[in-house]
Asks: 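Take this structure, written in structure tokens, and hold onto it; I'll ask about it next.
Below, all heavy atoms of this structure are taken into account, side chains as well, without hydrogens, waters or symmetry copies. This is a predicted model, so every value here is computed, not measured.
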Amino acid sequence: NRSMGESKPQWNSRYAGPVPHTAGYYVKCMFGGVLSCGLTHLAVTPLDVTKCNMQVNPGKYKGPAAGHAHDYCRGGLARRLEGLGADADWLLGAGHVQVRLVR
């Protein structure tokens with residue numbers, strides 16, 4: 001029984017679940033999103049660049065394997081990593097946003 005002067009503690013949704021949703025929790029979610037979503041997309045970017053090259057110049061790029069080999073011979077590893085810089089900021093940010101929206 002409560003006496004008249006006592007008030008019930010206010011419910012806080014941040015502490016309603018098994019894991020408290022503190023700022024540290026959201027930072028961990030952000031890094032989880034960067035690792036799971038961002039790095040996966042960055043790994044696929046060279047394949048996407050080759051696909052685009054195949055669409056633009058089908059005579060030079062006969063298939064994915066030949067396209068990768070052609071790009072590597074033309075510019076080495078730097079050529080294979082083309083497109084990563086342009087996508088990195090957006091993709092890593094997208095991983096953060098996706099996990100933040102889910103949580």
Side-chain angles (χ1 to χ4, degrees):
N1 286 341
R2 287 200 170 105
S3 64
M4 291 260 194
E6 290 182 30
S7 65
K8 184 178 178 183
Q10 188 172 3
W11 183 76
N12 188 341
S13 64
R14 296 181 87 189
Y15 299 100
V19 178
H21 291 192
T22 61
Y25 173 79
Y26 287 113
V27 168
K28 290 174 189 173
C29 289
M30 178 188 69
F31 284 116
V34 167
L35 291 174
S36 63
C37 179
L39 294 179
T40 303
H41 282 111
L42 289 176
V44 175
T45 299
L47 179 62
D48 190 43
V49 170
T50 299
K51 176 195 65 109
C52 292
N53 288 337
M54 289 169 55
Q55 291 173 340
V56 171
N57 194 347
K60 190 188 292 185
Y61 296 89
K62 302 287 185 198
H68 285 295
H70 181 271
D71 283 345
Y72 187 78
C73 290
R74 212 169 101 198
L77 185 60
R79 177 74 175 157
R80 290 305 318 131
L81 299 178
E82 179 183 41
L84 291 182
D87 288 343
D89 291 337
W90 185 86
L91 291 173
L92 294 176
H96 169 229
V97 170
Q98 285 177 355
V99 170
R100 278 299 291 267
L101 292 176
V102 170
R103 299 283 176 208

Asks: Would you please name every residue forming a side chain to side chain contact (heavy atoms under 4.5 Å, CB included) with Lys28, sequence neighbours left out?
Replies: none
Asks: Hey, could you give me the CD/OG1 distance between Gln55 and Thr50, rounded to the nearest 0.5 Å?
Replies: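 The distance works out to 11.5 Å.
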Asks: Quick one: salt bridge (charged side-chain N to carboxylate O under 4.0 Å, His left out) pairs with a partner in residues 50-61, sequence neighbours left out?
Replies: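 Every salt bridge (charged side-chain N to carboxylate O under 4.0 Å, His left out) pair that includes a residue of residues 50-61, provided the two are not neighbours, is Asp48-Lys51.
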Asks: Give the minimum heavy-atom separation between Thr22 and Tyr15, together with the two atoms involved.
Replies: CG2-OH, 4.0 Å
